[in-house]
Amino acid sequence: MITIPLAVSMPSIFTINSFSDNKGLNIVKKTSAIFILFSILFSFALLSACSEGAGEANDTGDFIAAEDLTQIELIDDTNRDFVGKEIQSDSAKVIDSGELPNVLNGSVTEDPAAYEIPENTIVQSTAADEMFLGTSIQEIEVSGTRTPELIAPNGAEGIFSQGNAAGWACKAGDTIIWSFEKYPLTNGQNQALAVGYIKDGVMYESQVYQDRLSATYQLDVSEDGIYYIYFISASSDPISLKEGEIKTNSATEKTFNETDPVTMTSARFTF
C-alpha cells in the first residue's frame, strides 16, 4: 500500500525581497476532473517505476541539483531536505579556503563584472573600488529581533532589514550584534560565510567565518547613520542558517571607559 503524505505549510512571518528578475512559481489551475485523475494515475505509475529501479540507481540523496536552488530561500517544508547537502554541478568553481579573503576583496579576478553592484535598493556603492559583491542581492526582513532560518546558494548576498528596505538608525557609540548559527554539512566540511555592514548605502568589507558553526558579529558605531548587516555565501555548497538574532544597544544604555573612547567605526568578531 502506498501512502502519500499531505504537507500543510503555515504562513511565514519572515519576508525575502528579490530585486532581480527571478521568476516566481507558476500556478497552474486544474480545470478538469479527467486531468486530475490522469495525473494521479501517472504519479502512481511513476512511483512504481522508481521503486523498481531504486536498487539499480546510485544513491544521490546527499546531493541537490544546482538548478534547484538559485537564490536565497526561507527554509520550509518545500526545501528542508536541502539543508546540509552538497550541490551537484559540473560548472562549480572551487577556491582554496586560504584565498577566500582575497576573493571577497576582489584581488583574485580582473573581470570588471565581478565588481558591479547587482540590482537592489539598499547598496549604492562600495567602500573600496575593487570589492567582491554577491552575484545577487536580496533583502531579508527580520521579525522583531529574530533573523529567519534560510538557505543560500554560492555567491548569494542577503541584507537584513526591518522591512521595506528600512535599516537601523544608529548614533555614535551604539552597537549592532548579529548572533547566528550554521547548519552543518553532512560531509562534515566547514563552510565560509562572509559578514559585513552597510552604512548609508555604502557597503564595507566583510569578515569570513568558517571554522565554527556559531558566531557573533558585533559592529561598534562611531558615526550616525542608517546601518544594515549583510552576509555572502562564500561556500561552493549552499549554506543553511538557523534562526538568529539582531540586537542594537544604544550608547545611552552603556558605560564607556573614558580612557578607551570609540574613535572609529570598527567591527568585532567573536567566535
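Since the model is a prediction, treat every value here as computed from it, not as a measurement. The analysis underlying the following values was restricted to heavy atoms, covering all of them including side chains, and did not include hydrogens, waters or symmetry mates.
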Answer yes or no: is there a donor N or O on one side and an acceptor on the other, between the side chain of [X] and the main chain of [Y], under 3.5 Å?
{"X": "Ser179", "Y": "Thr216", "value": "no"}
{"X": "Ser240", "Y": "Tyr183", "value": "no"}
{"X": "Ser233", "Y": "Pro153", "value": "yes"}
{"X": "Asp200", "Y": "Gly225", "value": "no"}
{"X": "Tyr197", "Y": "Ser206", "value": "no"}
{"X": "Asp81", "Y": "Asn79", "value": "no"}
{"X": "Glu141", "Y": "Gly163", "value": "no"}

Nearest heavy-atom pair of [X] and [Y]: which atoms, and what distance?
{"X": "Gly158", "Y": "Ile140", "answer": "CA-CD1, 4.0 Å"}
{"X": "Ser222", "Y": "Ala172", "answer": "O-CB, 3.0 Å"}
{"X": "Glu205", "Y": "Met131", "answer": "CG-SD, 3.3 Å"}
{"X": "Asn154", "Y": "Thr135", "answer": "O-OG1, 4.1 Å"}
{"X": "Tyr204", "Y": "Ala127", "answer": "CD2-CB, 3.4 Å"}
{"X": "Gln138", "Y": "Ile72", "answer": "OE1-N, 2.8 Å"}

Evaluation steps, side-chain contact (heavy atoms from CB on, under 4.5 Å), between Arg80 and Glu149: CA-CA 10 Å; Arg80 194 168 294 277; Glu149 280 193 312; 3.5 Å; yes
Charged N-O contact under 4.0 Å between Arg146 and Glu243: yes
Lys242 and Glu181: CA distance, side-chain angles, deciding distance, salt bridge (charged side-chain N to carboxylate O under 4.0 Å, His left out) verdict: CA-CA 6 Å; Lys242 300 181 181 181; Glu181 183 176 358; 3.2 Å; yes
From CA spacing to verdict: side-chain contact (heavy atoms from CB on, under 4.5 Å), Tyr230, Val195: CA-CA 6 Å; Tyr230 75 86; Val195 183; over 6 Å; no
Kindly work out whether a path of hydrophobic side-chain contacts (I/L/V/M/F/W/Y, heavy atoms less than 4.5 Å apart) joins [X] to [Y].
{"X": "Leu213", "Y": "Ile151", "answer": "no"}
{"X": "Phe160", "Y": "Ile239", "answer": "yes"}
{"X": "Val202", "Y": "Phe231", "answer": "yes"}
{"X": "Leu185", "Y": "Phe82", "answer": "no"}

Ring centers of Tyr209, Phe180 separated by less than 6.0 Å: yes
Point-to-point distance, once rounded to the nearest 0.5 Å, from OG1 of Thr186 to CZ of Phe63: 8.0 Å
[Y] side chain reached by [X] side chain, heavy atoms, under 4.5 Å:
{"X": "Glu67", "Y": "Gln88", "value": "no"}
{"X": "Ile177", "Y": "Asn249", "value": "yes"}
{"X": "Leu133", "Y": "Thr126", "value": "yes"}
{"X": "Leu241", "Y": "Leu150", "value": "yes"}
{"X": "Gln218", "Y": "Ile176", "value": "no"}
{"X": "Trp178", "Y": "Thr147", "value": "yes"}

Could you verify whether a donor N or O on one side chain and an acceptor N or O on the other, from [X] and [Y], lie under 3.5 Å apart?
{"X": "Ser161", "Y": "Glu139", "result": "yes"}
{"X": "Ser235", "Y": "Asp237", "result": "no"}
{"X": "Asn190", "Y": "Gln210", "result": "no"}

Side chain to side chain donor-acceptor pair (under 3.5 Å) contacts in which one or both residues fall within residues 163-173, not counting sequence neighbours: none
CG (Asp129) with more than 12 external heavy atoms under 6.0 Å: no
Ile232/Leu193 under side-chain contact (heavy atoms from CB on, under 4.5 Å): CA gap, chis, key distance, verdict: CA-CA 6 Å; Ile232 298 176; Leu193 183 73; over 6 Å; no
Matching residue for Ile198 among Ile229, Ile226, Ile159 - test: side-chain contact (heavy atoms from CB on, under 4.5 Å): Ile159
